[in-house]
Engineer: 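Following this message is one structure expressed as C-alpha cells.
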2 protein chains.
Amino acid sequence: MSQITLKDIAKALNLSPSTVSRAMKNHPAISAETRALVQEYAETHKYKPNTLAMQLRTNRNTTIGVIVPEIVHYFFSTVLAGIQQEAESEGYNLLFCHSNEDYAREVRSVETLLDARVCGILASQSKTTEKFDHFQEIIDNDVHLVFFDRICTGINTDKVVVDDYAGAYNAVEHMIHTGCQRIAFLGSTPSMPIANNRRMGYEDALRKNKLPVDKNLSRICDTVDLAREIVPKLLKSDSLLDAFFCINDEVAAYCMQIVKSAGYRIPEDISVCGFTNSYITEVTDPTLTTVDQHGFEMGKVAARLLINRIEGKETKPGVVSRLIKTELVLKGSTREVVQ
Amino acid sequence: MSQITLKDIAKALNLSPSTVSRAMKNHPAISAETRALVQEYAETHKYKPNTLAMQLRTNRNTTIGVIVPEIVHYFFSTVLAGIQQEAESEGYNLLFCHSNEDYAREVRSVETLLDARVCGILASQSKTTEKFDHFQEIIDNDVHLVFFDRICTGINTDKVVVDDYAGAYNAVEHMIHTGCQRIAFLGSTPSMPIANNRRMGYEDALRKNKLPVDKNLSRICDTVDLAREIVPKLLKSDSLLDAFFCINDEVAAYCMQIVKSAGYRIPEDISVCGFTNSYITEVTDPTLTTVDQHGFEMGKVAARLLINRIEGKETKPGVVSRLIKTELVLKGSTREVVQ
DNA sequence: TTTTTTTGTGCAAACGAATGCACATCTTTT
DNA sequence: AAAAGATGTGCATTCGTTTGCACAAAAAAA
C-alpha cells in the first residue's frame, strides 16, 4: 500500500502502463511532453520500480553471489571489500554467504544462491571441500562462476589467483640473501593449490641457492594450536634453524612469540616471514616481514571478470586465469641483506 | 531454457498449474496420489521454484540488507559472521553493503537495499554521517530497521548495543585497583554514542575512586596516525602518566609500541588497555588487556530481533533495545591487582 | 483531396507462482 | 432415488513490469 506502481501512475495521468513504462526509460517513441509529465509525477510520488517484477519479466538480474570460507579474516574481508566496490560501481548487488570452512555449509550456500537466481557467483573454496558437484551444478545452471584465491581444481572455470609461487620464492630467497641457511616452512594441506604453490616456491628458492631441501623442515602448521605444538619441537630438534617462512601472518606472529620466549632474538638469531600483510604485521615486536597478497585488487579483478562474463564482454572460450602479483614487504623480523 | 517451471510440470503430467502448485506445498485438498506424482516429477527434474515470481505474488521475501561501515575490521566482520549464521538458520539471505565510513555511500546503500525490496535492514552508522533522512526513509517505506553498535540517535528504532559504559568503567577501575593513578583516555568523536559512553565510564570510574578527572588526559585519538602524534606528547607533558585506556585494539597496540620505544616498561611503568579483543591482542608483546565486545553474539541478537519484527513475533510497540554485555579480558599489558 | 508516412499510444500477452471460487465426481445421508 | 456433503481439480485473476503489434491521429507527400 505504500509503494506506487506503474499502473498507479498510468491511472493518475490517464495513460496506459505501457506508455508510462516507456516514458520512464526515455523510449524515443514517447513525446517529450508525456515523458516529462510521467517523470515528474514519478519523481514527486517517489516511484521505485519493482526490481522483482522487472527481473521476472526480463529474466535478468544484477545480483552476484559471494561465498567466502572465512570472514573474520584479514585477507578475505579485504577481498570482499574489493568485490563490493567493483560490484557497486557497476550497479550489481552482493548476496553474501559464509561457508565457515565447512563443506556442508558451502553446499547450502550454493543452493541458496541458485535459488535466489543470482546472475553469477564468486567463490573461494573451504578447506574441507573435497567434492565439487555443487560447483558443477552452478555451471550446469548456466550461472557464471569465478573462483578466487582458493580455487577448485576439479572445476573448469575462470579464476583469479595470487602468485603464490613467486611470493614464496622471493621471500625465501630474500632470507637466504640475508644469510639464512636452514629455513623451515610452516605450510598447509598440499591439496590446497595455494599451499602447494608456496611450498614449491620455497623449495625452488632453496635449490636455486644450493641449499638442501629437508622434508623435515616442511610442516603442515596453519593454525595457532599447531604452531604451539610444532614450533618448539622444530627449535629443539634442529639447533641450526635460522628462519621460518609461514603460510600466514597469524602463524608467523605466534611463531615469533614462541621463538622469542625460547630465548632467541628476532631477527638476529632467527628470521620470520609471514604471508598476507595484515595489520597484525605492524603490531608485533618486531614488526613482521610478510608477502602482500593485494586482496583488495584481487576482489576487484574477480568481480570485474565475472561482470564481463555476465555482460558478454569477456568472450574468450575456455578458462580465463588472472594472476595477482605478490609483493615482499620488508619489516623488522628479517635481517638486512648481506653485501 | 534450463530451468523447469510449474507450468512445465503441469503440462507433462496433464494437470493444471494450480494443482501442481498445491501439490508441491502439500495442500490438503490434493490427493496423496497426485501429490506423490508431482513431487516425484519435480524431484527428478530438479524443479526450483522461482523465488522472484513467488516474492512478487506473495509480496514478501526473505532477504535482509546489511550495512557495515567497515569490513576489514575485526569487530564488524565478527558481527557480520553472527548475523550470517542467524539469518541462514532462519532461511534468510543477506544483501551486503559497505559504506566504508562514507556518508554518500551509506545513502546509496540504503537506496540499493530499498530498491531490492529487502524485508529488513541491519545497519551500523558511518563515522561521517550527520543527516538521517536516508534512515528515516527506510522506516517510511515500512521496512524494518535495527541498528547495531553504532546506532543513530536521530532515529527511533530498535537497536542492539554493547554495554560500552560498563566495559569502560570496569576496565578503568581494574587499572586503578592495580595501582594506576593517572590514566589517559584515547577516545573518539563524542558525537558517537559508543565513544561518549566509554568516556563516561572512564570518568565515572575515576570519580568513584576519588581520582581527578583531567580533561587534558582525554583525547580524540582513534587512528594510528593520531596515536603517533598524540601519545608522545602526552608522555612528555605528563611524567606521572601510568596508563592508557584506548578506544580500540589497534590504537592500543600502536600506543604500546610508542610507549615501549620511549623507554617505558609495560605493564610495570605504564599499563595499556584496548577494546574489542581482536586477534592482535594475542600477538603484541606483551599481549594486550582488552574489553571483549562479543561481536558474534551482537550479530546474532540483532538478526534475531530483526527477524522477530519481520515475522511479527516481536510485537512490542516503540523501541526495543538489547544490551550486549562486555567482558574485561586480562592479558599482559596490565598489572596484577594490588592486594 | 486522397494516399502515404510519421508519430504517439494502447492492447494484450507474457514472466512464474499463488489463490478464491466454481465445478465436476463420488460418497454419504434422508 | 433424490438430496446433501465431501473430495479433488481447474479456471481465471493477480503481483508489477516489459514489449511486439495494432491502430488512431496528425503531418507530409502525391
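Within every chain, numbering begins at 1; the chains are lettered A, B, ... in the order of the sequence lines, protein sequences first and strands thereafter.
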Engineer: Base, sugar-phosphate, or nothing: which does S21(A) touch, judged by heavy atoms less than 4.0 Å apart?
Structural biologist: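 Base contact - S21(A) has a heavy atom under 4.0 Å of at least one base atom.
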
Engineer: Between L15(B) and R117(B), which has a closest nucleotide on DNA chain D that is more 5'?
Structural biologist: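 Per heavy-atom nearest nucleotide, the more 5' residue is L15(B).
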
Engineer: I want to confirm an ordering. Mapping S18(A) and A32(B) to their closest nucleotides on DNA chain D, which one lands closer to the 5' end?
Structural biologist: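 Result of the comparison: A32(B).
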
Engineer: Where the side chain of T63(B) meets the backbone of N93(B), is there a donor-acceptor pair that is under 3.5 Å apart?
Structural biologist: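 The answer is no, because no donor-acceptor pair under 3.5 Å joins these two groups.
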
Engineer: Please check the phosphate of dA17(C) (OP1 and OP2 only) for any side-chain N or O of T58(B) closer than 4.0 Å.
Structural biologist: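 For T58(B), the contact criterion (side-chain N or O under 4.0 Å from OP1 or OP2 of dA17(C)) is not met.
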
Engineer: Checking all strands, does N14(A) fall into the base, sugar-phosphate, or nothing category for heavy-atom contacts under 4.0 angstrom?
Structural biologist: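 Sugar-phosphate, no base atom in range.
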
Engineer: Taking the side chain of Y47(B) as its heavy atoms from C-beta onward, which of dT17(D), dC15(C), dA17(C) lies nearest to it?
Structural biologist: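 Minimum distance to the Y47(B) side chain belongs to dA17(C).
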
Engineer: Counting side-chain heavy atoms from C-beta on, which of dG10(C), dA17(C), dG10(D) comes nearest to S16(B)?
Structural biologist: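 Given the options dG10(C), dA17(C), dG10(D), the side chain of S16(B) is closest to dG10(D).
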
Engineer: Decide if the gap between the ring center of Y103(A) and the ring center of H134(A) is smaller than 6.0 angstrom.
Structural biologist: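 Yes, close enough.
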
Engineer: What nucleotide among dC15(C), dG8(C), dT17(D) has an atom nearest to a side-chain atom of L56(A)?
Structural biologist: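 Closest of the options to the side chain of L56(A): dC15(C).
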
Engineer: Side chain of R22(A) only, please: which of dG16(C), dT17(D), dG20(D) is the nearest?
Structural biologist: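 Nearest listed nucleotide: dG20(D).
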
Engineer: Kindly point out which of dG10(D), dT19(D), dT17(D) is positioned nearest to the side chain of A53(A)?
Structural biologist: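 Output: dT17(D).
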
Engineer: Looking at dA17(C), dG10(C), dG16(D), which one has an atom nearest to any side-chain atom of T19(A)?
Structural biologist: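 Of dA17(C), dG10(C), dG16(D), dG10(C) is nearest to the side chain of T19(A).
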
Engineer: Does P49(B) reach a base, just sugar-phosphate, or nothing at all? Heavy atoms under 4.0 Å.
Structural biologist: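 Since only primed, P, OP1 and OP2 atoms lie under 4.0 Å of P49(B), the category is sugar-phosphate.
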
Engineer: Atom NE2 of H144(B) and atom CG of L122(B): how far apart are they, to the nearest 0.5 Å?
Structural biologist: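 CG of L122(B) is found 12.0 Å from NE2 of H144(B).
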
Engineer: Given atom CD of E33(B) and atom P of dC26(C), what is their separation to the nearest angstrom?
Structural biologist: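 It works out to 13 Å between those atoms.
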
Engineer: Going by an N to O cut-off under 4.0 Å, is there a salt bridge joining K313(A) and E90(A)?
Structural biologist: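 Looking at E90(A) together with K313(A), the answer is no, because their closest N to O distance does not fall below 4.0 Å.
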
Engineer: When you measure from the side chain of R150(A) to the backbone of Q125(A), do you find a donor-acceptor pair of N or O atoms at a distance under 3.5 Å?
Structural biologist: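 Checked: pair present.
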
Engineer: Measuring from the side chain of M54(B) (C-beta onward, heavy atoms only), which nucleotide among dT9(C), dA18(C), dG16(D) has the closest atom?
Structural biologist: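 Looking only at heavy atoms from C-beta outward on M54(B), the closest nucleotide is dA18(C).
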
